[in-house]
Amino acid sequence: QVQLVESGGGLVQAGGSLRLSCAASGRTFSRDVMAWFRQTPGKEREFVAALSWGGGNTAYADSVKGRFTISRDNAKNTMYLQMDSLKPEDTAMYYCAAGSIYGRDPSPYNYWGQGTQVTVSS
């Protein structure tokens with residue numbers, strides 16, 4: 001069974017940092033594009049960051065550029081999102097995703113985790 005499991009969310013004060021992890025199991029994801037999305041109640045899922053399978057290409061939403069860093073460890077079948085200088089507007093459920101097409105649209109991503117909640121207090 002293919003699974004993506006996020007961890008590392010929590011409550012943090014504005015200006016703080018969190019590191020999210022996405023552990024994949026069931027098959028290797030070393031050839032997949034990996035990405036992070038986030039969602040708040042009543043809003044559509046929003047692109048945060050994406051990383052090509054080789055790690056050579058990254059993309060970030062303008063709202064997180066310079067503050068968030070996406071990375072992966074293919075040997076561990078795990079992806080990370082380092083989030084620094086967090087703002088209250090970063091509060092959301094964060095989801096990791098895997099797919100074969102590199103992009104900001106959530107539709108092509110085939111595999112999704114259950115999400116981890118990030119709450120940033122002011």
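Linking ILVMFWY residues whenever their side-chain heavy atoms come closer than 4.5 Å, directly or via other members, places Val12 and Leu20 in the same cluster. Hydrophobic clustering (ILVMFWY, side-chain heavy atoms < 4.5 Å, transitive): Met83 and Val64 are in one cluster.
Residue pairs meeting the ring pair (Phe, Tyr, Trp, His ring centres under 6.0 Å) criterion with at least one member in residues 4-31, sequence neighbours excluded, are Phe29-Tyr111. Screening residues 98-108 for side-chain hydrogen bond (donor to acceptor under 3.5 Å, both in side chains) gives Asp105-Ser107 as the qualifying pairs, with residues at least two apart or on separate chains. Among pairs with a residue in residues 5-24, those fulfilling side-chain hydrogen bond (donor to acceptor under 3.5 Å, both in side chains) read Ser17-Asp84, at least two apart in sequence or across chains. Sequence neighbours left out, the pairs with a member in residues 7-122 that pass disulfide (SG to SG under 2.5 Å) are Cys22-Cys96.
A donor-acceptor pair under 3.5 Å is absent between the side-chain atoms of Arg72 and the main chain of Thr78, judged by distance alone. No donor-acceptor distance shorter than 3.5 angstrom exists from the side chain of Asp32 to the backbone of Met34, with no hydrogens or angles considered. Asp90 places no side-chain N or O within donor-acceptor distance of the main-chain N or O of Val118, the cut-off being under 3.5 Å. Proximity of a side-chain donor or acceptor of Thr116 to a complementary backbone N or O of Gly9 within less than 3.5 Å is detected. Remark: the backbone N or O of Val120 is paired with a side-chain donor or acceptor of Thr91 at under 3.5 angstrom.
Contact annotation: the side chain of Gln82 never approaches that of Phe68 to less than 4.5 Å [non-hydrogen atoms, C-beta and beyond]. Between Ile70 and Trp36 there is a side-chain heavy-atom pair separated by less than 4.5 Å. For the pair Thr69/Leu81, no side-chain contact is recorded, criterion being any heavy-atom separation below 4.5 Å from C-beta on. Leu86 is listed as a side-chain neighbour of Leu18, based on a closest heavy-atom distance under 4.5 Å.
Not a single side chain to side chain donor-acceptor pair (under 3.5 Å) links Glu89 to another residue, sequence neighbours left out. With sequence neighbours left out, Asp62 forms a salt bridge (Lys or Arg N to Asp or Glu O under 4.0 Å) with Lys65. Under the ring pair (Phe, Tyr, Trp, His ring centres under 6.0 Å) criterion, Tyr80 pairs with no residue at all, not counting sequence neighbours. Residues passing the side chain to side chain donor-acceptor pair (under 3.5 Å) test with Asn57, sequence neighbours excluded: none. With sequence neighbours excluded, no residue forms a salt bridge (Lys or Arg N to Asp or Glu O under 4.0 Å) with Arg45. Residues satisfying the side chain to side chain donor-acceptor pair (under 3.5 Å) test with Arg31, not counting sequence neighbours, are none. Remark: Phe37 pairs with Phe47, Tyr109, Trp112 by the ring pair (Phe, Tyr, Trp, His ring centres under 6.0 Å) rule, at least two apart or across chains. Taking Tyr94 as the reference, Arg38 meet the side chain to side chain donor-acceptor pair (under 3.5 Å) condition, with sequence neighbours excluded.
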Quiz item: What do the steps show when you test Val33 against Ile101 for side chain to side chain contact (heavy atoms under 4.5 Å, CB included), and what is the final call?
Solution: CA-CA 6 Å; Val33 176; Ile101 299 176; over 6 Å; no
Exercise. Go through Glu46 and Ser63 one step at a time and tell me if the side chain to side chain contact (heavy atoms under 4.5 Å, CB included) criterion holds.
Key: CA-CA 11 Å; Glu46 174 190 24; Ser63 58; 4.1 Å; yes
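Taking CZ of Arg27 as the start and CD of Gln3 as the end, the distance is 13.5 Å to the nearest 0.5 Å. Atom CE in Met79 sits 7.5 Å away from atom CG in Leu4 (nearest 0.5 Å). Between Arg67 atom CZ and Ser85 atom OG the span is 7.0 Å, to the nearest 0.5 Å.
Nearest approach of Ala14 to Ser122, heavy atoms of both residues: CB-CA, 4.4 Å.
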